[in-house]
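These notes are about the structure you will find just below.
Each residue takes its place number in the sequence, starting with 1. Keep in mind that the numbers below use all heavy atoms, side chains included, and drop hydrogens, waters and symmetry copies.
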Amino acid sequence: MKKILLLFTLLLTLTAGAQRVYFESGQLGISGEEMPWLLDTDGSQYAWVTDKYQWGNTYYDADGEIVVKTERRQDGDDLVETYTFTNTSKRKVTVKNMGIYTPFNDNYPDAKTCMTSRCNVHVWPGGKAAYVNAMRMSGVGPHLGLMVTEGEIADYDVWERGGKKGMSNFRGVFALCPPDMTLKPGQSYRLTWRLFSHSGTDFDEQLLRRGGMVAKSDKYVYAVGETARVDFITDKGTKTITKKITHTGEERVEYKGNYASLLGISGERELLDKRVRFILDHQQMNDPQDPRYGAFMVYDNEGDSILTDGFGRSDLDEGRERVGMGILLAEYCRQHPDTKMQEALLRYAKFVREKIQQPDYTTGSSVMRKSKNRGYNYPWVADFYFRMYLLTGNRQYALDGYATLRALYRQFGYGFYCIDYPVAIGLKALEQAKLAFERDQLLYDFRTTADIFLKNGLNFPKFEVNYEQSIVAPAVWFLCEVYQATGDKRYLKGAKDMLPALEAMQWHQPSYRMNEVAIRHWDGYWFGKRQTYGDVYPHYWSCITAAAYHRYSQCIADTDPAAARSYHVRAEQTVRNNLSLFFEDGKATCAFVMLRRVNGEPAHYADAYANDQDWALMFWLLVNE
């Protein structure tokens with residue numbers, strides 16, 4: 001009787017909430033749900049997405065005859081597909097650059113559409129254990145999973161990226177890529193994958209139920225001398241492999257066709273120290289005759305010099321995101337007093353106030369003052385001023401920070417979703433400077449903004465991108481800090497309500513580049529030297545999510561310590577994995593374009609520009625405060 005009950009319980013567990021995945025009329029579906037998981041390939045959704053990109057179409061380069069056979073069948077609630085590549089010639093054939101189009105619907109018309117009808121696509125090209133986790137952008141299931149059960153997925157491509165093809169609002173047409181191979185006459189290569197539905201939190205469990213393998217490590221970036229531990233988990237048990245990290249650089253730990261990608265570094269604080277010193281020694285404009293004297297500049301690793309001819313591109317100028325270098329150095333210098341660094345920061349503060357800002361605190365992007373009035377500039381400059389006050393004790397910096405934010409509200413109102421509203425640091429600086437009126441006014445401004453965020457909820461407005469992680473994450477971070485400043489639980493609830501949408505933007509692939517790193521796929525174009533659209537892993541703005549998790553964990557530490565610890569660990573993973581943007585000689589890269597190819601052109605490279613990535617170190621300091 002007990003055995004019958006156990007079997008009955010197991011059956012209920014396996015079938016509870018099960019929903020059938022099906023393929024009809026060129027579209028994947030989940031029974032009972034109206035969700036377009038795939039792009040329309042008739043040109044109606046995007047003119048450049050045509051029937052060439054239909055689900056399951058293949059491409060490859062071969063020096064002989066290859067025939068591809070596609071089989072599709074239903075297996076319970078799962079959909080199983082097999083792609084067989086056969087050499088039909090009488091000699092060996094080398095097959096390269098293979099791909100199978102999987103046009104998942106990952107793009108951004110507006111937040112409302114994204115919440116109901118778009119998915120975030122998390123790819124793990126992990127060989128025999130490769131998978132795709134396509135999560136509804138709302139974070140509310142059911143979601144769609146794909147797992148390899150025979151053969152391998154070694155990489156992925158995207159197609160149809162470009163300035164005239166959706167720019168930052170279209171992630172591209174995905175293709176999953178088997179490895180290059182040589183087939184003997186008559187030989188075949190089979191790739192089989194299984195598509196299934198899941199709730200999100202049970203994704204790994206669903207993989208294991210279907211005979212898959214999950215690789216996990218406590219962390220993916222290790223200091224030299226540490227011992228890494230990687231668990232390879234199946235439904236039959238766990239194989240643990242330990243490996244001492246003996247050198248800097250990438251380290252792959254493999255087991256039965258699955259792997260985890262780790263990174264060895266000299267040490268977290270050591271890497272931070274090296275980078276700060278490099279900025280100080282190499283990335284400040286020190287020519288008094290140059291109008292950018294005192295500015296922190298983009299660095300070209302290929303030319304081994306700061307970039308002085310970036311006037312034609314706003315993403316390379318001496319303002320905007322480059323302010324992150326000033327913020328980082330101001331905070332670092334506060335924690336590690338240094339006369340030379342403080343002198344450099346005083347020059348930078350003078351440059352910002354006199355060359356980037358106007359007398360009324362209108363904040364530009366460049367000494368040229370020809371670009372649009374950009375709202376994002378204001379909180380960054382204010383953050384810098386507040387930290388300069390905490391570093392120097394000069395009350396004028398606190399007043400400058402306050403006046404910069406007042407200029408923001410005067411020109412942009414209360415509904416702007418800024419990145420890095422300096423709530424905690426701003427209120428702290430004004431309190432210490434004994435500027436009570438300014439502190440109270442700023443808190444009023446913050447509360448008024450937070451009330452608009454609550455009213456909007458998940459209906460996020462469009463900014464430079466229609467819908468993105470760096471709209472949602474700053475909102476969660478901001479609401480948490482306003483809650484900490486006021487104790488008003490409405491703001492904490494508002495942050496909590498946004499968390500599922502934020503969490504859906506990243507996953508835990510077993511890689512130091514991808515684990516707990518949010519999807520970003522245009523920053524190699526806008527900030528890079530080669531200007532390539534395509535998935536960037538990691539990207540420093542993924543650390544805004546770490547800031548949001550960190551602050552949220554603080555907010556719930558007393559009421560839900562287990563959840564608080566979980567969010568903080570995830571925040572640590574994000575900022576630690578972003579350390580891969582920094583090199584042991586102090587140089588850095590603004591973007592690692594992760595995938596194999598973009599529009600058929602080779603990718604998988606670290607861009608030569610050190611541009612805006614230093615925000616990642618600022619967030620590392622925040623999470624490790």
Contacts of [X] that satisfy side chain to side chain donor-acceptor pair (under 3.5 Å) - sequence neighbours left out:
X      : answer
Arg387 : Glu331, Asp383
Gln506 : Glu516
Glu152 : none

Donor-acceptor check, side chain of Asp202 to backbone of Glu205, threshold 3.5 angstrom: yes or no? no
Return the [atom1] to [atom2] distance between [X] and [Y], rounded to the nearest 0.5 Å.
X      : Y      : atom1 : atom2 : value
Gln573 : Asn515 : CD    : CG    : 5.0 Å
Arg161 : Tyr525 : CZ    : OH    : 11.0 Å
Glu268 : Asp273 : CD    : CG    : 12.0 Å

Could you tell me whether [X] and [Y] make a salt bridge, using a distance below 4.0 angstrom between a side-chain N and a carboxylate O?
X      : Y      : result
Glu572 : Lys219 : no
Asp317 : Arg292 : no
Arg277 : Asp585 : no
Lys529 : Asp300 : yes
Glu343 : Lys350 : no
Lys239 : Asp231 : no
Arg596 : Asp155 : no
Arg513 : Asp535 : no

Does the plane of the ring in [X] sit parallel, tilted or perpendicular to the ring in [Y]? Use 30° and 60° as the thresholds.
X      : Y      : result
Phe619 : Trp477 : perpendicular
His143 : His198 : tilted
Phe203 : Tyr131 : perpendicular
His568 : His550 : tilted
Phe592 : His604 : perpendicular
Tyr259 : Trp124 : tilted

Least distance between heavy atoms, Pro538 atom then Leu581 atom: O-CD2, 3.8 Å
Around [X], counting heavy atoms of other residues, nucleotides and ligands shown, do more than 12 lie under 6.0 Å from its [atom1]?
X      : atom1 : value
Lys243 : NZ    : no
Arg374 : CZ    : yes
Lys496 : NZ    : no
Asp558 : CG    : no

Identified ring pair (Phe, Tyr, Trp, His ring centres under 6.0 Å) partner of Phe296 from the options Phe351, Phe384, Tyr348, Phe278: Tyr348
Positive for ring pair (Phe, Tyr, Trp, His ring centres under 6.0 Å) with Phe478, one of Tyr421, Tyr483, Tyr552: Tyr421
Do [Y] and [X] have ring centroids that are under 6.0 Å from one another?
X      : Y      : answer
Phe463 : Tyr417 : yes
Trp615 : Trp380 : yes
Tyr549 : Tyr567 : yes

What residues, two or more places apart in sequence or in another chain, satisfy ring pair (Phe, Tyr, Trp, His ring centres under 6.0 Å) together with Tyr378? Phe412
Going by the side chain to side chain contact (heavy atoms under 4.5 Å, CB included) test, name the single residue among Arg322, Glu321, Arg320 that passes it with Ser365. Arg320
With Pro125 via side chain to side chain contact (heavy atoms under 4.5 Å, CB included) - residues at least two apart: Val123, Ile153, Tyr156
With heavy-atom distances below 4.5 Å as the criterion, would you say the side chains of Val536 and His521 are in contact? no
Using distance only, find each side-chain donor-acceptor pair of residues 250-257 under 3.5 Å and give its atom names and separation, not counting sequence neighbours.
{"unit_1": "Glu250", "atom_1": "OE1", "unit_2": "Tyr512", "atom_2": "OH", "d": "3.0"}
{"unit_1": "Glu250", "atom_1": "OE2", "unit_2": "Ser261", "atom_2": "OG", "d": "3.1"}

